[in-house]
Amino acid sequence: AHAEQLLAAHVQAHAPAREGIAAQVRRQLAEGIAHGPTTLKAVAQRLHLSERSLQRRLDDEGTRFADLVDEVRRELALRYVADERLALGEVAYLLGFAEPSPFHRAFRRWTGTTPAAARRARP
């Protein structure tokens, strides 16, 4: 039983190493997106990789950095828009948009509706 506990602790401690690079990048983006532009360079540095190595590993998993940024922004946008305590301009800022209009265009591309309409449609 003790050996199983040690093995379980070891597996838990090393889980991020076995996690796919795309999942690691998503986590880095979700943690950092509200603190300013999250660049490929910054994420690569936090993962202790060169930019090119990160791009290559993402390519091996069939994705691109820009696609992951877009996915994370979309997921966070849906969560933030649902929170009526946040103004829509604040949501745009939290997602790293310089101003609300690019956020509104991106939200429409992601969902087919505007953030305000999505918020009104919530039950």
Side-chain angles (χ1 to χ4, degrees):
H2 181 68
E4 288 178 12
Q5 287 176 336
L6 289 174
L7 178 61
H10 177 76
V11 167
Q12 187 74 13
H14 293 88
R18 287 198 318 266
E19 180 180 50
I21 194 70
Q24 292 177 49
V25 169
R26 275 190 193 93
R27 189 175 55 254
Q28 290 291 326
L29 290 170
E31 290 171 2
I33 212 159
H35 303 292
T38 306
T39 63
L40 175 71
K41 181 178 183 177
V43 171
Q45 286 175 342
R46 286 196 299 268
L47 294 175
H48 307 288
L49 295 168
S50 71
E51 293 175 58
R52 184 65 194 120
S53 291
L54 178 55
Q55 288 173 323
R56 195 171 23 257
R57 290 180 62 184
L58 288 171
D59 188 51
D60 289 346
E61 291 187 16
T63 192
R64 296 176 322 133
F65 184 77
D67 294 338
L68 295 176
V69 170
D70 202 51
E71 288 172 20
V72 169
R73 276 181 159 178
R74 179 186 179 281
E75 291 166 12
L76 291 174
L78 293 172
R79 188 177 314 155
Y80 293 160
V81 166
D83 185 349
E84 293 186 9
R85 296 172 298 175
L86 295 173
L88 294 177
E90 187 177 1
V91 171
Y93 171 77
L94 288 171
L95 295 173
F97 289 94
E99 53 187 64
S101 59
F103 164 63
H104 285 264
R105 284 192 300 276
F107 194 88
R108 184 181 288 276
R109 178 173 46 86
W110 295 325
T111 66
T113 189
T114 66
R119 183 171 273 179
R120 283 192 305 271
R122 293 203 74 233

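Reckoned from all heavy atoms, side chains included, excluding hydrogens, waters and symmetry mates. For the single chain, residues carry numbers from 1 onward in sequence order.
The nearest pair of heavy atoms linking A118 to T113 is CB-CG2, 4.0 Å. Residue F103 comes nearest to V81 through the heavy atom pair CZ-CG2, 4.0 Å, listed as atom of the first residue, atom of the second, then distance. Closest of all the heavy-atom pairs between P115 and H104 is CD-ND1, 3.3 Å. Nearest heavy atoms, G89 versus P100: CA-CG, 4.3 Å. The minimum heavy-atom distance linking Y80 with R119 is given by the pair O-NH2, 3.6 Å. Of all heavy-atom pairs spanning A22 and T63, the tightest one is CB-CG2, 4.0 Å.
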Side chains of residues 42-50: which donor-acceptor partners sit under 3.5 Å, not counting sequence neighbours?
{"residue": "R46", "atom": "NE", "partner": "Q28", "partner atom": "OE1", "Å": "2.6"}
{"residue": "S50", "atom": "OG", "partner": "S53", "partner atom": "N", "Å": "3.0"}
{"residue": "S50", "atom": "OG", "partner": "S53", "partner atom": "OG", "Å": "3.0"}

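A donor-acceptor pair is defined here as one N or O able to donate and one able to accept, closer than 3.5 Å; no such pair exists between the side chain of R57 and the backbone of I21. Looking at R73, its side chain does come within 3.5 Å of a backbone N or O of G96 through a donor-acceptor pair.
Note that the CD atom of Q24 and the CD atom of E61 stand 8.5 Å from one another [nearest 0.5 Å]. Of the inter-residue distances, the one linking L95 atom CG with E75 atom CD reads 11.5 Å to the nearest 0.5 angstrom. If you take CZ on F97 and CZ on R105, they are separated by 9.5 Å, rounding to the nearest 0.5 Å.
In this structure, the side chains of R74 and D70 stay at 4.5 Å or more apart for every pair of heavy atoms. Side-chain contact between L78 and T111 is present, with at least one heavy-atom pair separated by less than 4.5 Å. The closest side-chain heavy-atom distance from L76 to L94 is not below 4.5 Å.
Contact check on D67 versus R64 returns a salt bridge, with a Lys/Arg side-chain nitrogen under 4.0 Å from an Asp/Glu carboxylate oxygen.
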Verdict with supporting geometry, L29 and F65, side chain to side chain contact (heavy atoms under 4.5 Å, CB included): CA-CA 10 Å; L29 290 170; F65 184 77; 3.9 Å; yes
